[in-house]
Amino acid sequence: MPSADSMMFEKGIQSEPGKKRWGILAVVLSVTFMACIDASVINVAIHTMSQKLQVDLAAMSWVVTSYLIAISSTVLIFGRLGDMLSKVSVFKFGIVLFTLGSLLCGLAGSLPILLGARVVQGIGAAASMATNQGIITHVFPDHERGRALGLTGSSVALGNLLGPGLGGLIVSSLDWHFIFLINIPVGIVAFIAGQKVLPRRGQSVQPEQKKQTRGIGGIGHLKDLWKAMPKEKADGKGAGLSASAIILFVLAINLYRYWGLTDPRVLGMFAGAVFLAALFIYAEKRHAEPLVDLAIFKNKLYSLSVFCSLMSFVTLSFMTILVPFYLQDVLKITPFLTGLLMMTAPLVMMVIAPLSGYTSDKIGSEVLTFFGQCIMVVGLCLAGVLISGASPAWLIVTLMAVVTMGSAIFQSPNTSLIMSQVPRDKLGVSGSINALMRNVGMVTGVSLSTSLLYFFMSAQVGYRVEKYVEGLEDAFVHAMHNVFWVASCLCLVGVVLTGMRLWAMRREKKAQK
């Protein structure tokens, strides 16, 4: 059960007037934007960083992997803390920790220190990611929620859009440390703004009553709230099991590309992840106050929406990871022009996501989730049919835009569905589950798409291929076709399940008439 302070806070935040709601959203979007820039800016700078730190690129890849592992393994924990304590408290804690991690990254002079700082950053990002959707759901009424969540998608797209260009600008004119140091002023401004617009502990439900006690947010106050909470309610075993299972899975999904799927170490990590996940489910069913209340998955619409979210991010990653390979290796387009062409996807997402969210406020979410997934399937199927070794760049970029448009139409309404299907005291966990699906889906999609690509290439040429080889353009394109067909089949599962539910709903409505 949430604490009394948390319940008072949630009532206060829900009662905020219109202008205050949009101010709260601006703070949430700024933090989301900062985290997305940080995730994308490093991809351009990683080669320069490896030279300056005098380590190889394989070792430098852990700068990205450690960040993803930190987010994925702790996001559920922070979601539960948000429900038990206060979502804004955890959200502000995330801002502080992410900003501190950015400072440590900016001061790092060796790879081990940088990796440790990235873990701190990732934990801070997880705290914010786990609670931002819950805050938005509390703040905005049903008729505005889709639009607000759509703007969240736009902030993600804008961060991904500006990150690579900003990273290139920094490493070409400044020291690489500044790709992390630029987060510090953004984090400070976001925290100060949050102190002003986000409700404070002890604030009355009525907005006009100004009497307040000390503000929620910051590390000290989170510690106070934690001390006030009965310790027997904290599900430490569930937190440990979930984090360990996710860490093993993310490690396995990253390392099998280098070691091979049949490597005993990889198989051991996959088996360990499955075993720990089973123990987690067993423990959660028997805990009075579990980390994740598994009863929420009894809601078929909620479970379907979470599953479709996972499939959406997996299949979208298939497209975004393979298109740069095709543009540079097959069409011989320069990295600079490739980067410009790849900006198409975040631009489409930035425009379409809020429009889809606004439309879902008017007509409902389920039809839009079905429609968005259908567009994704069409785009992936067309990519599997139309692309050839001589296809112009505009064609594959257009197909990528179609798939991205389908994803943009799908995501905001689907998130609204997910958050509307749980009680308000479970919004933190629900938001963290959705964030986990996004991160795990993207990690899985990147690894699975490249593995399938080289598997199909190997089958085509008759020997093992582990990277792009000059002269094998036809085999590469053939493999790409197969990968896109696999992606379309994965996405089609969501289309069929969503369509069946819509059909059943219509039958129920007719029967009631």
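Nothing here was measured: the structure is a model prediction, and the numbers come from that model.
Atom CH2 of W22 is separated from atom CG of L151 by 6.0 Å, given to the nearest 0.5 angstrom. Rounded to the nearest 0.5 Å, atoms CE (M34) and CD1 (I182) are 10.5 Å apart. Rounded to the nearest 0.5 angstrom, R118 CZ and I71 CD1 are separated by 8.0 Å. Atom-to-atom distance recorded for S86:OG and K92:NZ is 8.5 Å, nearest 0.5 angstrom. For the atom pair CG (L327) and CG (L341), the distance works out to 6.0 Å, reported to the nearest 0.5 Å. Taking CG of L294 as the start and CD1 of I296 as the end, the distance is 8.0 Å to the nearest 0.5 Å.
The shortest side-chain heavy-atom distance between R80 and E289 falls under the 4.5 Å cut-off. Side chains of F318 and L448 form a contact here, defined as non-hydrogen atoms less than 4.5 Å apart. Proximity of F91 to V31: side-chain heavy atoms (C-beta onward) are separated by under 4.5 Å at one or more points. In this structure, V120 and L97 have side chains that are in contact, with non-hydrogen atoms separated by less than 4.5 Å. Proximity of S242 to L291: side-chain heavy atoms (C-beta onward) are separated by under 4.5 Å at one or more points. Using a 4.5 Å heavy-atom threshold, the side chains of L114 and M49 count as touching. Contact annotation: the side chain of L316 never approaches that of F410 to less than 4.5 Å [non-hydrogen atoms, C-beta and beyond]. The side-chain heavy atoms of L436 and S72, taken from C-beta on, include a pair separated by under 4.5 Å.
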Checklist entry - Given R265 and L255, is the side chain to side chain contact (heavy atoms under 4.5 Å, CB included) satisfied, shown in steps? => result CA-CA 9 Å; R265 294 168 293 183; L255 292 175; over 6 Å; no

Checklist entry - Taking it one step at a time, do V55 and W62 satisfy side chain to side chain contact (heavy atoms under 4.5 Å, CB included)? => result CA-CA 11 Å; V55 295; W62 285 100; over 6 Å; no

Item to check | Worked check of side chain to side chain contact (heavy atoms under 4.5 Å, CB included) between L76 and I433 | outcome: CA-CA 6 Å; L76 288 178; I433 289 172; 3.6 Å; yes

Item to check | Residue pair Q421, S305: steps toward the side chain to side chain contact (heavy atoms under 4.5 Å, CB included) verdict | outcome: CA-CA 10 Å; Q421 297 301 307; S305 301; 5.8 Å; no

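Side chain of N434 to backbone of T415: no donor-acceptor contact under 3.5 angstrom is found. Of the possible donor and acceptor atoms, none in the side chain of T369 sits under 3.5 Å from a partner among the backbone N and O of P413. Under a 3.5 Å cut-off, the side chain of S447 and the backbone N or O of I253 do form a donor-acceptor pair. Side-chain N or O atoms of S407 include none that pairs as donor or acceptor with a backbone N or O of T404 at under 3.5 Å. Although no hydrogens or angles enter the test, the distance criterion places a donor-acceptor pair under 3.5 Å between the side chain of S420 and the main chain of S416. Judged by distance alone, with hydrogens and angles left aside, the side-chain atoms of S317 form a donor-acceptor pair with the main-chain N or O of F313 at under 3.5 Å.
For the residue pair M400 and T344, the shortest heavy atom distance occurs at CE-CB, 4.1 Å. In terms of heavy atoms, S412 sits closest to A353 at OG-O, 3.4 Å. A283 and K237 get closest at one heavy-atom pair: CB-CD, 4.0 Å. For the pair S309 and I418, the tightest heavy-atom approach, listed with the atom from each and the gap, is CB-CD1, 4.4 Å. Taking every heavy atom of both residues into account, A243 and S73 meet most closely at CB-O, 3.4 Å. Annotation for V139 and R21: closest pair O-CD, 2.7 Å, computed over non-hydrogen atoms.
More than 12 heavy atoms of other residues, nucleotides or ligands shown are found within 6.0 angstrom of CZ on F270. A 6.0 Å sphere centred on CZ of F275 holds no more than 12 heavy atoms belonging to other residues, nucleotides or ligands.
Each of L279, V292, D293, L241 was checked for a side-chain contact (heavy atoms from CB on, under 4.5 Å) with E284, and the lone residue meeting it is V292.
Partners of D175 by salt bridge (Lys or Arg N to Asp or Glu O under 4.0 Å), not counting sequence neighbours: none found.
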Using residues 99-107 as the side-chain source, report each donor-acceptor pair under 3.5 Å to any protein atom, sequence neighbours left out, with the distance given to one decimal.
from : atom 1 : to   : atom 2 : distance (Å)
T99  : OG1    : I95  : O      : 2.7
S102 : OG     : F98  : O      : 2.9
S102 : OG     : Q121 : NE2    : 2.9
S102 : OG     : N183 : ND2    : 3.2

